[in-house]
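Computed from heavy atoms alone, side chains included, the values below leave out hydrogens, waters and symmetry copies. The first residue of the sequence shown is numbered 1, and numbering continues consecutively from there.
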Amino acid sequence: SRRNVAYGHVWASEWRERRGGFVTLRELSRVTMELICESLGFKGKGICKVHGTVFVVICDRALPGERFLGCVTRRKGSYAEVTKIKTLTPHRDLVEAPCEYASYCGGCKAQNLSYEAQLRAKDEQVHELITHVGRFSDNSPCLETVLKAIVPCDIQF
């Protein structure tokens, strides 16, 4: 029903109003949210933010730029995990996975992402680690010596 579907901004305002910004897992598990994946994280999980907040939501098999409906399955401190229910707008670099088992095996989470998009995502992840964990600034002259371009593989699959 429409009452159970919360489009990011509606859910975010409700989230802020209840208990000073904290929502119980029981309340979260009843919420279906419309989310847009912003980037790929560790192990190929999609990183999303609830619209209007800095609250991070992680979704297995979500691709950057993909718009989907997700249901919260677990809350862990500063983030929550959601399960994708339905893709509303697919990723622009979506391809058919070369492995017939990719959709349910769980081993290769980004096989349905074009190889060029996978390389861009890896480059972004390495850049984020170097700048945030390594504490290099984006305009640091030594960043270019540390951060080299991702070298693509000749054989993709």
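A 4.5 Å side-chain heavy-atom check between Val57 and Lys49 finds every atom pair outside the cut-off. Residues Glu66 and Pro90 have side chains not in contact (no heavy-atom distance under 4.5 Å, counting atoms from C-beta outward). Taking the side chain as every heavy atom from C-beta outward, Gln118 and Glu116 never approach each other to under 4.5 Å. Looking at Glu38 and Pro64, their side chains never come closer than 4.5 Å, going by heavy atoms from C-beta outward. Residues Asn112 and Arg61 form no side-chain contact, since every pair of their non-hydrogen atoms from C-beta on lies 4.5 Å or further apart. Contact of the Lys45 side chain with the Cys59 side chain is not registered, since no non-hydrogen atoms from C-beta on lie closer than 4.5 Å. Annotation: side chain of Cys48 is in contact with side chain of Phe68 (closest heavy-atom distance under 4.5 Å).
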- Message: Set out, in order, the CA-CA distance, both residues' side-chain angles and the distance that settles side-chain contact (heavy atoms from CB on, under 4.5 Å) for Lys76 and Arg74, then state yes or no.
- Response: CA-CA 7 Å; Lys76 292 181 140 190; Arg74 183 176 7 180; 3.6 Å; yes
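For Asp123, there are no salt bridge (Lys or Arg N to Asp or Glu O under 4.0 Å) partners at least two apart in sequence or on another chain.
Leu113 shares a hydrophobic cluster with Leu40, Leu63, Leu94; the chain of contacts runs through ILVMFWY side chains whose heavy atoms sit under 4.5 Å apart.
Connection of Leu69 to Ile47 is not established within any shared hydrophobic cluster, with ILVMFWY side chains joined at heavy-atom distances below 4.5 Å, either directly or through further cluster members. In the hydrophobic clustering of this structure, Ile58 does not group with Leu35; members are Ile, Leu, Val, Met, Phe, Trp, Tyr whose side-chain heavy atoms approach within less than 4.5 Å, directly or through other members.
The shortest non-hydrogen separation linking Cys71 to Ile85 is CB-CD1, 3.5 Å. Closest approach of Val72 to Ala80, counting heavy atoms only: CG1-CB, 4.2 Å. The shortest non-hydrogen separation linking His91 to Asp93 is ND1-N, 2.7 Å. Heavy-atom minimum distance, Tyr79 versus Phe55: C-CZ, 3.7 Å. Residues Gln125 and Gly41 approach most closely at NE2-O, 3.1 Å, considering heavy atoms.
Side-chain N/O atoms of Ser39 and Glu124 include no donor and acceptor closer than 3.5 Å.
A salt bridge does not link Lys43 with Asp60: none of the charged nitrogens is closer than 4.0 Å to a carboxylate oxygen. One finds no salt bridge joining Glu81 and Arg75 here, because no Lys/Arg side-chain nitrogen approaches an Asp/Glu carboxylate oxygen to under 4.0 Å.
With values rounded to the nearest 0.5 angstrom, Glu34 atom CD is found 10.5 Å from Lys86 atom NZ.
Other residues, nucleotides and ligands place more than 12 heavy atoms under 6.0 Å from the NZ atom of Lys84.
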